[in-house]
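Only this structure's heavy atoms are used, side chains among them; waters, hydrogens and symmetry mates stay out. Here is the naming used below: chain letters follow the sequence lines, and residue numbers restart at 1 for every chain. Source: prediction; values computed, not measured.
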Number of protein chains: 2
Amino acid sequence: MITYDALLEQFKQLLKQNGLKFTKQRELILKFLYENEGHFTPEDIYMLMKKNHPDVTIGIATVYRTLTLLEKEGIASSISFGVQGKKYELGEKEHHDHLICTRCGKIIEFFDDIIEQRQEAIAKQYNFKMQDHTMKIVGLCETCQQEEK
Amino acid sequence: MITYDALLEQFKQLLKQNGLKFTKQRELILKFLYENEGHFTPEDIYMLMKKNHPDVTIGIATVYRTLTLLEKEGIASSISFGVQGKKYELGEKEHHDHLICTRCGKIIEFFDDIIEQRQEAIAKQYNFKMQDHTMKIVGLCETCQQEEK
DNA sequence: CTTATTGCAAACGTTTTGCACGTTT
DNA sequence: AAACGTGCAAAACGTTTGCAATAAG
């Protein structure tokens, strides 16, 4: 588990390498993702930001721009929920897939070697140069199965 | 491969069972999906509908409503492209996953037993009651790999 | 002092909705 | 006749963009 200081340093390096600037807003968003386990929409982050840091002005556009940047740099990653938008998480961890509860929205992460291997094999079989892959299993989590009754 | 008449009959049954009505618009959209292999956005379908059936009035809202209905009834299925919307196809065929080319948008369908089995196993492991699952491999198709150079 | 970044509001593209009118049953 | 479906236009939704002001290097 990387420390926040190391992550921050890494981020600063990336910014410098690309001629970008280190701002209060970018720092706060990075910090937020580091401190909060879980998956958040840009809206979530924007709201919590305004609430927890009333002293810093921040616009929703900046949240979107920063999340896009973090994802491009490989620091964050997102899962898409179709029309309902995306949710972001810190992405320094290993690749993983998601189980999503359709009732309460809970997201469970998992990783399966066999699935990963089959994906590579399939891409190869169709002469596809794989850039990314996602898999989502949607259903009812344990708790919600009980409460459905 | 189901015949169109059988599909139509099935659709009429479903409508009747749910107290819904059989309309010209619903029929045309079903027919369109039956006759056209491939994946289409609601917009695609709307445009082609207006072009090929200038005699029938149809609104984009009806296309959305009908596609949602067809998907709910299991007759059609969709893949999501995030902000860029969804694409629909007739869903009477066997479950399958998708390879999507990020350059030309081509969609290749595949089915892999091992992946299916692992998905079931994983859902079970997390006490998840699986309702659906999707997997997308995105990358460059054979043709586009060549043209990238 | 140059360049990137910001917040704001307006624009965007897709999807949904309210409503009066039309069609199916 | 009752109920559902329709087209239309307006609204909603998440997201992106142009711009003048601001902050970082």
Quiz item: Under a 4.5 Å side-chain heavy-atom rule over Ile, Leu, Val, Met, Phe, Trp and Tyr, are B/Phe111 and B/Ile107 clustered together?
Solution: no
Exercise. Over 60° means perpendicular and under 30° means parallel, so classify the ring planes of B/Tyr126 and A/Phe110, tilted if in between.
Key: tilted
Quiz item: Separation of A/Asn18 atom CG from D/dG25 atom C1', in whole Å?
Solution: 15 Å
Practice problem: Flag the pair A/Tyr34 / A/Tyr4 as yes when their ring centroid distance falls below 6.0 Å, and as no otherwise. | Solution: yes
Quiz item: Centres of the A/Phe32 and A/Phe40 rings: under 6.0 Å?
Solution: yes
Quiz item: What is the distance, rounded to the nearest whole Å, between atom CD of B/Gln17 and atom P of D/dC4?
Solution: 16 Å
Quiz prompt | Modelled atom types, side-chain donor and acceptor of B/His96 and B/Glu89, under 3.5 Å | solution = yes
Quiz item: In the 5'-to-3' direction, what one-character label does each nucleotide of nucleotides 9-20 of chain D receive under the scheme B = base within less than 4.0 Å of a protein heavy atom, S = sugar-phosphate only, - = no such atom?
Solution: -----SBBBB--
Quiz item: Cationic tip of B/Lys106 within the cone over A/Phe128's six-membered ring, i.e. under 6.0 Å and within 45° of the normal?
Solution: no
Quiz item: Just how far, in rounded Å, is C1' of C/dG7 from CG of A/Asp55?
Solution: 16 Å
Quiz item: Quick one: do the A/Thr102 and B/Gln131 side chains pair a donor with an acceptor below 3.5 Å?
Solution: yes
Exercise. For A/His53 and C/dG7, give me the distance from atom NE2 to atom P, rounded to whole Å.
Key: 13 Å
Quiz item: Given atom CG of B/Leu69 and atom C1' of C/dT15, what is their separation to the nearest angstrom?
Solution: 16 Å
Quiz item: To the nearest 10 degrees, what angle separates the axes at the start and end of the helix from C/dC1-D/dG25 to C/dT25-D/dA1, five pairs each?
Solution: 30°
Self-check item: Atom-to-atom span, OH of B/Tyr46 to C1' of C/dT15 - whole angstrom
Solution: 14 Å
Quiz prompt | Flag if over 12 foreign heavy atoms under 6.0 Å of NZ, B/Lys136 | solution = yes
Quiz prompt | Check: A/Glu73/A/Asn18 side-chain N/O donor and acceptor closer than 3.5 Å | solution = yes
Quiz item: Just how far, in rounded Å, is C1' of D/dT6 from CD1 of B/Ile58?
Solution: 10 Å
Self-check item: Side-chain H-bond candidate by donor/acceptor type, A/His39 with A/Glu109, under 3.5 Å
Solution: yes
Exercise. Determine, for B/Tyr64 and B/Lys86, whether the Lys NZ or Arg CZ falls below 6.0 Å from the six-membered ring centre while staying within 45 degrees of the axis.
Key: no
Quiz item: Starting at NZ of A/Lys50 and ending at C1' of C/dT6, how long is that distance when rounded to a whole Å?
Solution: 13 Å
Practice problem: Return the residues of residues 19-28 of chain B meeting this criterion: a heavy atom under 4.0 Å from some atom of DNA chain D. Order them by number, or give none. | Solution: B/Gly19, B/Leu20, B/Lys21, B/Thr23, B/Gln25, B/Arg26
